[in-house]
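Report on one structure; see the data block that follows.
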Amino acid sequence: MSAALSILIFVLSSGPATASGEIDAEAGANEFNAGLGISTGPTSTSSTSPTSSQDIDWVPEPICVRGEGTPGDAYYGCGSQMTCGENGLLFNIWGVSADGSVELGGTYCEESGSPQPADVLTPGRILEAFRRIPVPESPIGVNPVGGRTLVNLDTILHTEAEPFTETVQLLGRSVTFDIEPSQFTWSTGQGDGFTTSDPGQPYRESLPMSAYVTHRYLKAGDVQLGLQTTWTARWRVGDGPWRPVDGVVTIDSDPVPLEVVTARPQLVTYD
């Protein structure tokens with residue numbers, strides 16, 4: 001028997017909510033405060049619940065301070081998210097049916113340290129599931145090869161990190177994550193570093209130096225070259241709309257030893 005939510009919506013005046021358990025949302029003049037009652041069991045067709053009797057997956061969507069959030073990417077670009085309670089953020093709860101149709105069920109106030117609704121795929125639960133997915137380490141490559149480079153030479157750095165998808169079971173639902181590397185933070189081993197969105201590529205004769213990720217060492221010495229890869233993701237339930245995961249995963253690569261040496265001129269005689 002699938003789990004569902006029973007949503008109670010109370011349209012109130014501009015004053016704060018007074019009934020026990022209701023959400024006191026900080027809303028504008030054209031907004032309303034709404035209380036979300038949550039229970040488990042078959043989806044009801046009563047006047048206080050969504051009218052569909054089919055299985056529905058409930059997912060949250062941030063509510064913009066300029067108005068109610070909507071499914072998809074319409075929320076993003078708003079100045080900030082609407083607040084509620086003492087330190088919470090306000091979300092619309094959208095019901096996504098098996099046929100891909102979407103309906104608004106109510107609102108939910110997520111506060112730090114408060115228990116999460118039993119059957120709602122909250123941003124915290126989605127992020128936790130994302131962080132449990134094994135993400136591959138990005139190996140560090142260097143040109144020139146052999147573990148040695150020269151002072152004032154453009155040393156080519158590169159790695160391998162490919163997007164991938166992973167489907168997991170979360171609260172009895174199949175949730176698909178579309179995961180990709182978003183940035184690469186290189187540590188040169190001499191107290192500095194830099195970040196790129198490009199993983200780089202190994203040296204090829206046909207390519208100009210502008211096609212590579214490079215670093216120029218200014219002094220000689222033994223260094224440990226490091227790399228941290230940041231992964232981002234979007235997620236969806238079944239064939240429903242994609243939504244961004246509110247958080248990232250970072251993976252540190254095994255460091256690579258590199259000897260930085262100074263080129264010495266050598267006099268050569270010709271017979």
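Note: hydrogens, waters and symmetry copies are ignored here, and every other heavy atom, side chains too, is used.
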Contact check, side chains of [X] and [Y], non-hydrogen atoms, under 4.5 Å:
X: Trp231; Y: Pro136; value: yes
X: Lys219; Y: Val260; value: no
X: Trp235; Y: Asp178; value: no
X: Tyr203; Y: Val145; value: no
X: Leu89; Y: Met82; value: no
X: Val175; Y: Leu121; value: yes

### Any donor-acceptor pair under 3.5 Å from Tyr212 side chain to Arg204 backbone
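It does hold such a pair.
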Rounded at 0.5 Å granularity, tell me how far [atom1] in [X] sits from [atom2] in [Y].
X: Thr159; Y: Gln201; atom1: OG1; atom2: CD; result: 13.0 Å
X: Thr83; Y: Leu90; atom1: OG1; atom2: CG; result: 8.0 Å
X: Asp198; Y: Leu157; atom1: CG; atom2: CG; result: 11.0 Å
X: Phe130; Y: Glu166; atom1: CZ; atom2: CD; result: 11.0 Å
X: Thr196; Y: Gln183; atom1: OG1; atom2: CD; result: 8.5 Å
X: Thr188; Y: Leu227; atom1: OG1; atom2: CG; result: 12.5 Å

Return the minimal non-hydrogen interatomic distance between [X] and [Y], and the atom names on each side.
X: Arg236; Y: Pro241; result: CB-O, 3.3 Å
X: Ala161; Y: Pro181; result: O-CG, 3.5 Å
X: Val213; Y: Gly200; result: CG2-CA, 3.7 Å
X: Leu225; Y: Ser187; result: CD1-O, 3.3 Å
X: Phe194; Y: Thr214; result: CZ-O, 3.9 Å

hydrophobic_cluster_shared for [Y] and [X], side chain cutoff 4.5 Å:
X: Val249; Y: Val245; result: yes
X: Phe184; Y: Val223; result: yes
X: Val248; Y: Leu127; result: no
X: Trp186; Y: Ile251; result: no

### Task
Tell me, yes or no, whether the heavy-atom count around Gln190 atom CD, taken from other residues, nucleotides or ligands under 6.0 Å, exceeds 12.
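Enclosed.
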With sequence neighbours excluded, tell me which residues meet side-chain contact (heavy atoms from CB on, under 4.5 Å) with [X].
X: His158; answer: Asn143, Ile156, Pro202
X: Ala129; answer: Arg132, Leu170, Phe177
X: Pro255; answer: Gln224
X: Ser197; answer: none

Could you list the donor-acceptor pairs under 3.5 angstrom formed between side-chain atoms of residues 147-154 and any protein atom two or more places apart in sequence or on another chain?
| unit_1 | atom_1 | unit_2 | atom_2 | d |
| --- | --- | --- | --- | --- |
| Arg148 | NE | Glu259 | OE1 | 3.4 |
| Arg148 | NH2 | Glu259 | OE1 | 3.3 |
| Thr149 | OG1 | Thr155 | OG1 | 2.7 |
| Asp154 | OD1 | Arg216 | NE | 3.1 |
| Asp154 | OD1 | Arg216 | NH2 | 3.1 |
| Asp154 | OD2 | Arg216 | NH2 | 3.1 |

### Query
Do any pairs count as a side chain to side chain donor-acceptor pair (under 3.5 Å) and have a residue in residues 248-257, sequence neighbours left out, and if so which ones?
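The answer is Gln228-Asp252.
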### Query
Is it the case that Ser182 and Thr230 place a side-chain donor and acceptor less than 3.5 Å from each other?
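No.
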### Message
Is a donor from one side chain sitting under 3.5 angstrom from an acceptor on the other, for Ser174 and Gln169?
### Response
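Gln169 and Ser174 do have a side-chain donor-acceptor pair below 3.5 Å.
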